[in-house]
Amino acid sequence: MDASRYSRLTFVERVDFSEELAVFRLRADTPVDFTPGQYATLGLMNDDRDRPLLRPYSVASAPGETELEFFIERVDDGALTPKLWDLDRGADVWMRNKIVGRFTLDPDRTHHLMAATVTGVGPYVSIIRDQLQKLRAGALDTPDPMLVLHGASRSWELGTYLDELQALSNQVEWFEYVPTVSRPWEDPEWDGEYGRVEDVLRKHLDATSFVPSDSAAYTCGHPKMIDKAQGILQRAGFEEDAIHEEKYFVERNGDG
């Protein structure tokens with residue numbers, strides 16, 4: 001392995017929200033710079049390989065920090081995620097030095113509508129945390145208004161981001177967070193929006209003050225949500241080059 005192409009990270013903790021969903025926090029030796037919304041390529045060494053087994057994961061933390069955060073879904077028959085769940089605190093995780101991706105804030109628009117399923121909220125969290133830090137540091141005078149629609153089957157699958165983003169939404173005028181669950185009968189204490197993200201999107205597109213000609217839309221997560229949401233956005237008047245997507249997997253033919 002060409003070690004110069006990788007950074008060694010230390011596994012700090014895993015916070016579980018269900019058997020399949022968790023936030024992973026990894027520590028780097030020095031602050032890590034990237035553009036919010038980009039993804040890191042993480043991996044573990046196998047005894048029978050000369051390089052890490054690698055997979056891409058969106059970074060949820062803001063740039064310039066030594067602790068990197070990732071919202072990850074476990075795939076039981078996957079090559080990497082079951083091994084991540086078996087890590088002991090202090091274990092080594094490898095990361096390609098270059099954090100990449102084009103799913104970043106659209107510089108040509110000043111209003112940003114973001115739709116996500118479950119772990120797809122990760123890049124938005126990075127973008128929001130970055131803007132918040134710049135405002136607090138005085139590095140940004142005028143914030144871009146942002147609206148995040150975040151869906152899951154049940155509320156606990158929204159992770160710690162449910163509390164974090166709801167709190168921020170109540171504190172500042174430039175940010176609104178709309179969580180929604182699609183199986184409210186399995187979550188009887190939930191009193192928020194219910195329905196799939198694309199259904200909630202229709203409602204909030206009608207209510208928002210965002211003007212499509214000055215707004216960018218982002219869809220991240222499940223490909224079916226992305227396809228349906230993009231159709232809704234186009235019919236609402238969003239320009240094609242203002243609609244951005246990040247599919248977290250590609251469905252095989254015949255998959256439900």
Side-chain angles (χ1 to χ4, degrees), residues 1-32 34 38-63 65-101 103 116-126 129 150-164 183 186-187 220-223 246-252 255-256:
M1 180 181 86
D2 182 0
S4 66
R5 298 177 56 196
Y6 300 91
S7 297
R8 189 195 303 263
L9 306 178
T10 302
F11 172 51
V12 176
E13 67 172 340
R14 188 186 84 228
V15 181
D16 294 327
F17 310 126
S18 70
E19 292 183 359
E20 297 84 20
L21 293 166
V23 159
F24 283 75
R25 296 191 175 102
L26 309 173
R27 186 174 61 248
D29 292 335
T30 58
V32 180
F34 58 95
Q38 292 185 316
Y39 64 87
T41 304
L42 304 178
L44 300 173
M45 288 299 298
N46 280 351
D47 294 337
D48 58 347
R49 296 170 61 95
D50 59 0
R51 61 186 180 88
L53 173 64
L54 300 166
R55 293 292 184 272
Y57 299 103
S58 294
V59 187
S61 46
E65 300 179 354
T66 55
E67 186 172 280
L68 298 177
E69 185 174 296
F70 303 89
F71 192 8
I72 297 177
E73 180 176 4
R74 175 179 177 139
V75 180
D76 287 335
D77 59 353
L80 182 60
T81 55
K83 295 180 173 61
L84 291 175
W85 255 254
D86 289 338
L87 288 177
D88 294 324
R89 184 172 297 183
D92 291 335
V93 178
W94 295 91
M95 179 182 73
R96 279 185 181 159
N97 289 330
K98 192 172 183 181
I99 296 178
V100 297
F103 194 68
T117 54
V118 196
T119 59
V121 79
Y124 306 149
V125 173
S126 178
R129 287 173 171 175
H150 185 198
S153 296
R154 297 158 288 265
S155 61
W156 53 86
E157 296 170 347
L158 301 170
T160 54
Y161 305 111
L162 173 61
D163 291 337
E164 176 183 350
R183 297 183 182 179
E186 297 180 7
D187 195 355
C220 186
H222 197 289
E246 184 95 319
K247 292 182 179 179
Y248 272 8
F249 60 91
V250 177
E251 289 188 300
R252 300 177 186 140
D255 280 357

* Under 3.5 Å, side chain of R89 to main-chain N/O of V12, donor-acceptor pair present? -> yes

* Asked: If only atom types and distance count, is the side chain of T117 paired as donor or acceptor with the main-chain N or O of H222 below 3.5 Å?
  -> yes

* Structure fact -> For P52 and W94 the tightest heavy-atom approach is CG-CB, 3.9 Å

* Exercise: identify the closest heavy-atom pair between D76 and P82 -> O-CG, 3.5 Å

* Asked: Is there side-chain contact between L68 and L42, with heavy atoms separated by less than 4.5 Å?
  -> no

* Asked: Do the non-hydrogen side-chain atoms of V93 and L44 ever get within less than 4.5 Å of each other?
  -> yes

* Do NZ/NE/NH1/NH2 and the carboxylate oxygens of R25 and E69 come within less than 4.0 Å? -> yes

* Should V23 and F17 be marked as a side-chain contact (heavy atoms from CB on, under 4.5 Å) after you check the CA-CA gap, both sets of side-chain angles, and the distance that decides it? -> CA-CA 8 Å; V23 159; F17 310 126; 3.6 Å; yes

* To do: List the atom of S61, the atom of S126, and the distance in Å for their closest heavy-atom pair.
  => O-OG, 2.8 Å

* Asked: Nearest heavy-atom pair of S18 and W156: which atoms, and what distance?
  -> CB-CD1, 4.4 Å

* Give the minimum heavy-atom separation between V75 and T81, together with the two atoms involved. => N-OG1, 2.9 Å

* Asked: Stepwise, does the side-chain contact (heavy atoms from CB on, under 4.5 Å) test hold for L162 with T160?
  -> CA-CA 5 Å; L162 173 61; T160 54; over 6 Å; no

* Sidechain-backbone polar pair: T41 side chain, P56 backbone, donor-acceptor under 3.5 Å -> no

* So F11 and F24, would you call those rings parallel, tilted or perpendicular, with 30° and 60° as cut-offs? -> tilted

* To do: Kindly give the heavy-atom pair with the smallest separation between R55 and A79, and that separation in Å.
  => NH2-CB, 3.4 Å

* E19 backbone acceptor or donor facing R74 side chain under 3.5 Å -> no

* Taking the six-membered ring for Trp, are Y161 and F71 parallel (under 30°), tilted (30 to 60°) or perpendicular (over 60°)? -> tilted

* Asked: Is the centre of the F103 ring less than 6.0 Å from the centre of the Y39 ring?
  -> no

* To do: Answer yes or no: is there a donor N or O on one side and an acceptor on the other, between the side chain of N97 and the main chain of S7, under 3.5 Å?
  => yes

* Is the number of heavy atoms from other residues, nucleotides or ligands within 6.0 Å of CG (D29) greater than 12? -> no

